[in-house]
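What follows is one structure encoded as structure tokens, with my remarks underneath.
By convention in this document, chain letters (A, B, ...) are assigned in the order of the sequence lines, proteins followed by strands, and residues within each chain are numbered from 1. The basis for the numbers below is simple: all heavy atoms, side chains too, and nothing from hydrogens, waters or symmetry mates.
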Amino acid sequence: MYRSWKAQLRVLTALTLREIQSQNSSLEYGYAWALIDVCISIAVLTVLKVFIRALSPAGMPPILFLVTGILPWLTFSSTATAMEGAIAKNKRLLLLPGLTPLDFAFAKALQILCTYGSVFVAVAVAASYFEQAPPPRSLIGAIMMYLSSWVLGIAYGLITMPLTRVLPPIAKVIGIVWRFGLLFSGVFFTITMFPEWTWPYLTWNPMIHVEELMRTYWFTTYQTPVGSPLYVGECILGMAFLGLSLERYVRRRVPA
Amino acid sequence: MSVTLRNITKHIGGGQHFLYDHLDLHIEKGERVGILGQPKSGKSTLLRIICGTEPVYDGQVERSSTVSWPIPFGEFLVGSSTIATNIRFIGRLYGHRSNDYVRRIAALADATEFLNEELAKCLPAVRQRLIFALGAGTEFDIYLFDENIVMGEKTFREKATQYVQSLVPAHGFVFATSNHKEVSANCDVVFVLDGGRVTRYEDVAQGVKHFNSLAKTQAADVAEPRERSEPAPVEIESVLGI
């Protein structure tokens, strides 16, 4: 048991490092571009946000508000969408003993965590300094929520991977859902900025819980009226179970 | 330390034909095994089943030893990375994290001087040698060779063949091919793949004899329908619709 876990860890480390090394490998300073890419996106959105000051909730510094919203969202969405692509990209490696399609998916997810995680830390520290914001109310809570966004992405990816393999057009539907997801996951707004009658519907989305709790753990001036860590945990477990069951069902019928 | 295949059944052509029909096979560590089969008889697939990269749904595979991938498989190499990075990737994957591993593989591939060169910029011969060295130089109990034990220049072939022979008895190898001369020269035991099953021969000469008789029968079977299917003379009137 210990040996197989050790071997699994070895495989994941090797694949994650390969993913990191291969990112923008054709360019000079390859991996740095991955970080710069995210920073530029945040800078553009921040400029937009500063211009539309009316949308910034009271008591929360606008740049930090955006950073604590967009980084968990980017981590979630990139993990969820990149897992299937990672399998397609590394299909040839399946001829090496000991590797499975899920290894590629998890390695890609780890690479995304490393990339966005470092960007999150760097940008949050810089924004806090620039806006003279106090440190997070609960650092552990904020870290837990950030990790939850990543694990939610894995769980979501585990469901969409086998589904798109069986029914490719479903990828189009998922693409449409993503566009709405960005608007209704609390990335740019807190739930208090939506009419109260919409809350029971919006709170079906686990990402809005993550974003709301992230702001609550970060800012002393904000207390979410809806965020539930238990609901996030239930969604992660339920989706991961469903995704792994689907993968097992599909594995023999439609190989990766 | 062995690999055992029991009752393996696999279909091809949408389930119309048997590739393997209740196939049984047992390989011990320390053996020099040949698998002789006609082209398209399923030798490569059998190697993939032995190393565990081809899923098996009907039958059982028991593996108590580590098995290499079928050499020369090199699709995992990244052209834009250096030779050292490519070696390190395989090293990390199979638990060889030291620089000694990188040096040893580079030496086996005669590529020490190109270690920091991008693989895509190296000569194809270097890539070929690296593929062999990564497969045969990484620690496994049983090594698999598909169609050729070594490819490349003559001097390297001699060095590499010697290296492969030196792996036994501490390790074993399986060599799947349709070239009976190579099997006679390199193997102690031979399996002949025929009709979706394998027959084991402790005497390689006897196995080769069986394989050759099968080859002759199959050649005759192929030739016969060709004779029969010679095109019938076509009357020009029917073609022109007169």
Side-chain angles (χ1 to χ4, degrees), chain A residues 1-31 33-34 86-104 106-108 110-111 114 162 165 247-256, chain B residues 3 10-11 15 44-45 47-58 61 63-82 84-97 101 118-121 131 134-135 138-144 146 174:
Chain A
M1 181 77 176
Y2 170 72
R3 280 179 88 184
S4 64
W5 275 102
K6 214 174 141 188
Q8 190 61 48
L9 191 69
R10 211 172 57 209
V11 165
L12 277 180
T13 313
L15 291 174
T16 307
L17 285 171
R18 183 180 162 102
E19 282 289 340
I20 290 173
Q21 281 166 348
S22 68
Q23 262 205 326
N24 298 313
S25 58
S26 55
L27 302 170
E28 217 167 327
Y29 309 113
Y31 186 65
W33 281 107
I87 296 176
K89 184 183 145 201
N90 291 304
K91 228 174 189 175
R92 293 169 306 170
L93 291 182
L94 284 173
L95 286 173
L96 290 174
L99 300 188
T100 65
L102 279 182
D103 292 328
F104 305 134
F106 288 131
K108 184 72 194 172
L110 274 168
Q111 177 256 313
C114 294
R165 221 184 295 164
E247 204 276 335
R248 198 165 175 78
Y249 178 79
V250 166
R251 194 184 294 170
R252 182 173 177 176
R253 290 157 184 87
V254 191
Chain B
V3 178
K10 203 168 177 78
H11 297 87
S44 300
T45 310
L47 289 184
R48 291 200 298 274
I49 290 175
I50 291 171
C51 72
T53 57
E54 179 84 23
V56 171
Y57 300 112
D58 296 312
V61 181
R63 217 175 281 108
S64 61
S65 47
T66 55
V67 184
S68 79
W69 57 88
I71 305 163
F73 164 69
E75 296 285 302
F76 52 83
L77 294 173
V78 181
S80 59
S81 297
T82 63
T85 308
N86 277 296
I87 298 176
R88 265 192 212 105
F89 168 64
I90 292 294
R92 277 191 205 110
L93 214 49
Y94 294 103
H96 308 287
R97 299 185 68 93
Y101 172 78
E118 252 183 48
L119 184 64
K121 290 179 183 162
I131 288 171
L134 279 168
T138 306
E139 182 72 20
F140 292 107
D141 294 327
I142 296 171
Y143 294 87
L144 307 180
D146 194 1
V174 179

To the nearest 0.5 Å, tell me how far A:Arg18 CZ sits from B:Ile90 CD1. 7.5 Å
Side chains of A:Leu96 and B:Phe73: closer than 4.5 Å at any heavy-atom pair? yes
Around atom NZ of B:Lys121, are there more than 12 heavy atoms of other residues, nucleotides or ligands at under 6.0 Å? no
What part of B:Tyr94 gets closer than 4.5 Å to chain A, counting heavy atoms only: side chain, backbone, both or neither? both
Distance-minimising heavy-atom pair for A:Leu99 and B:Leu93: CD2-CD1, 3.8 Å
Identify, with sequence neighbours excluded, every residue that meets salt bridge (charged side-chain N to carboxylate O under 4.0 Å, His left out) alongside B:Asp146. none
Under a 4.5 Å cut-off applied to non-hydrogen side-chain atoms, are A:Leu17 and B:Arg88 in contact? no
Measure across A:Pro97 and B:Cys51 and return the closest heavy-atom pair with its distance rounded to 0.1 Å. CB-O, 3.6 Å
I'd like to check A:Leu93 versus B:Phe89 (side-chain heavy atoms, cut-off strictly below 4.5 Å). Are they in contact? yes
Contact class of B:Ser68 relative to chain A, heavy atoms under 4.5 angstrom: backbone
Just how far is it from atom NE2 of B:His96 to atom CZ of A:Arg10, taken to the nearest 0.5 Å? 8.0 Å
Interface moiety of A:Leu12 toward chain B, non-hydrogen atoms closer than 4.5 Å: neither
If I take atom CG from residue A:Leu95 and atom CG from residue B:Leu47, how far apart are they, to the nearest 0.5 angstrom? 11.5 Å
Out of curiosity, B:Glu75 CD to A:Asn90 CG, how far, rounded to the nearest 0.5 Å? 12.5 Å
